[in-house]
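Bear in mind that the values here come from a model prediction, so they are computed numbers and not experimental data. A, B, ... follow the sequence lines: proteins, then strands. Residue 1 opens every chain.
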Protein chains: 2
Amino acid sequence: MRSHGTDGGVAQAVLRRFNALRPLSDEDAAALEHAIPEGLLRAGPGEDLIAEGDPVDSVRLVLSGWMFRHKTLEDGRRQIVNFILPGETCDAHAYLLSTMDHAITTATPVAYAEIKRARFELLMAAHRTLAEAFMCETLLNSAIQREWVINLGRRAAFERVAHLFCEIFERLRPVGLVDGNSCALPVTQTDLADATGLSVVHANRTIQELRASGLIVLKDRTLTIRDLEALKNAAMYSPGYLRLYRAK
Amino acid sequence: MRSHGTDGGVAQAVLRRFNALRPLSDEDAAALEHAIPEGLLRAGPGEDLIAEGDPVDSVRLVLSGWMFRHKTLEDGRRQIVNFILPGETCDAHAYLLSTMDHAITTATPVAYAEIKRARFELLMAAHRTLAEAFMCETLLNSAIQREWVINLGRRAAFERVAHLFCEIFERLRPVGLVDGNSCALPVTQTDLADATGLSVVHANRTIQELRASGLIVLKDRTLTIRDLEALKNAAMYSPGYLRLYRAK
DNA sequence: CGTCCGCTTTAACATAAGCTAACGGGCAGC
DNA sequence: GCTGCCCGTTAGCTTATGTTAAAGCGGACG
């Protein structure tokens, strides 16, 4: 199945994720893998990959590393609207709307593949299942966005942070990035605050509380969930919106 | 252009909206109009059209009336995650994910058209621009969802409600549902509270404040915006995310 | 014509979360 | 080995928003 010597396994996360959404045929997988090395790129941590208002005319696949989507108000208040984790795509189809309504910044060093619009459209036309998988990615993104609206609108700080942790854990699982009950959490507390709509101080207090409750350990950018079920209960986490049935 | 005697003008809102996203050829428009009367349906106010977890296998187009998407936590806290206004679609492509991750309820009496998946896919295959228009609808929905995340995460109550009002006004404009500086707002304060993540009491206080500031008049389910620019400033409303450039 | 009911409004009080400020620890660079 | 900087942490005080409760108000309905 691996056919490109130079990028051995580099597309692994993407393939695993897509297979969880729509099982891909070997042919579909090969076509996707083939498109990746052509547009392979890297970026360091804290780099702005694209800003609000920028024109879009390609699709990106995250091979490794974390990014996040965010918007900033005139007076500087920033909100992270979503994280983009390994295996996920930025902006499939977004070129249809011409420009970005939000910015994307890297949290860690990342490797990603950029597929130009024309190339992408050919790929979609030729591989129906692949097209559906990308479509699912986009829909799932909406579903996650809706869950974040609930998180910010109706959950208290403790539940909110707990929920975010559950979600990240469950999103990393299908791409093989959880190790037992631990996963990487390579972002600052400022980022977590901006993702949960809290002030940094309160985000910190909340994390302390989560630690004190024995539900999690968070140290050296590694999150360990001591009791996932209990954490989900505390977060009022309702499974399902991530649609990872097939992913086990 | 009108060819169906019985549904005279019923698809007007949908066509206006689509034209604002992707100018449709007469042929595309005709194909869409043709699909509508077949699945024409009505519902009263407060009806649950679909619940979380329900299977989806059709696309709906709202011809008239308001609906909203919402999720409810186990303990009853409810969050409206978006309104669905006349001319907008529910769930284009959503059938790809099999089931709903949220519920849809009507706020007013509504008329809508239901297009079954098979029919919809044929329509998409035959009309590229129409397919793009539906795709844009889906993407726009995501963009709105992101803006709601910012609204709930980083705006204070006053800004939040002001922002919602600006958004609704701008979303109703391209479908011809604003009249001067007024538009319908056929929802209760409880609904507004659930959409803005506030308690009813505080939502009410905030609306009073908005009235006192002279920015709006809200009476008999009609919203009048006294000074749209001022309201947008107060809301830190950044145009653009609704992509209504072409709609003027 | 009175009663019920859903919606809005007000009041009084409770509290979660914000803000400002300062300190500590680790790590990179000089 | 000192210095600076980023990040996490803690403290003390402020405030926006939630909660509970009750009253007003108008329309629907018998």
Round to the nearest Å and state the distance from [X] atom [atom1] to [N] atom [atom2].
| X | N | atom1 | atom2 | result |
| --- | --- | --- | --- | --- |
| B:L198 | C:dA16 | CG | P | 18 Å |
| B:R154 | C:dA17 | CZ | P | 13 Å |
| A:R155 | D:dG18 | CZ | P | 16 Å |
| A:F158 | C:dA17 | CZ | P | 11 Å |
| B:L210 | C:dT8 | CG | C1' | 16 Å |
| B:N204 | C:dA11 | CG | C1' | 12 Å |
| A:E159 | C:dA17 | CD | C1' | 14 Å |
| A:Q189 | D:dT9 | CD | C1' | 8 Å |

Assign [X] to base, sugar-phosphate, or nothing according to its heavy-atom contacts below 4.0 angstrom with the strands shown.
| X | answer |
| --- | --- |
| B:R211 | sugar-phosphate |
| A:G46 | nothing |
| B:V200 | nothing |
| A:T188 | sugar-phosphate |
| A:R77 | nothing |

Under 3.5 Å: donor-acceptor pair, side chain of A:R160, backbone of A:R155: yes
Closest to the 5' end of DNA chain C, once A:A157 and A:V201 are matched to their nearest nucleotides, is A:A157
Residue pair A:R243 / A:A143: nearest heavy atoms and the distance that separates them: NH2-CB, 4.3 Å
Using only modelled atom types and a 3.5 angstrom limit, is any donor from either the side chain of B:R205 or the base of D:dG18 paired with an acceptor on the other?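 Such a pair exists between side chain and base.
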Which listed nucleotide (D:dT17, D:dT19, C:dC7) is nearest to the side chain of B:R221?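 The closest nucleotide is C:dC7.
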Looking at the side chain of B:Q208, which of C:dC19, C:dT10, D:dT17 is the nearest nucleotide?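 Looking only at side-chain atoms, B:Q208 lies closest to C:dT10.
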Assess, by modelled atom type and distance only, whether the side chains of B:E167 and B:Y241 contain a donor and an acceptor separated by less than 3.5 Å.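 There is such a pair (donor and acceptor under 3.5 Å, judged by atom type) between the side chains of B:E167 and B:Y241.
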Considering only heavy atoms from C-beta outward, does the side chain of B:N204 approach that of B:V201 to under 4.5 Å? no
If you pin A:G153 and A:T190 to their nearest nucleotides in DNA chain D, which one's is more 5'?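 Closer to the 5' end of DNA chain D: A:T190.
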Using the side-chain hydrogen bond (donor to acceptor under 3.5 Å, both in side chains) rule, take A:T89 and A:E137 through it: C-alpha gap first, then chi angles, then the decisive distance, then the call. CA-CA 7 Å; A:T89 66; A:E137 263 287 302; 3.1 Å; yes
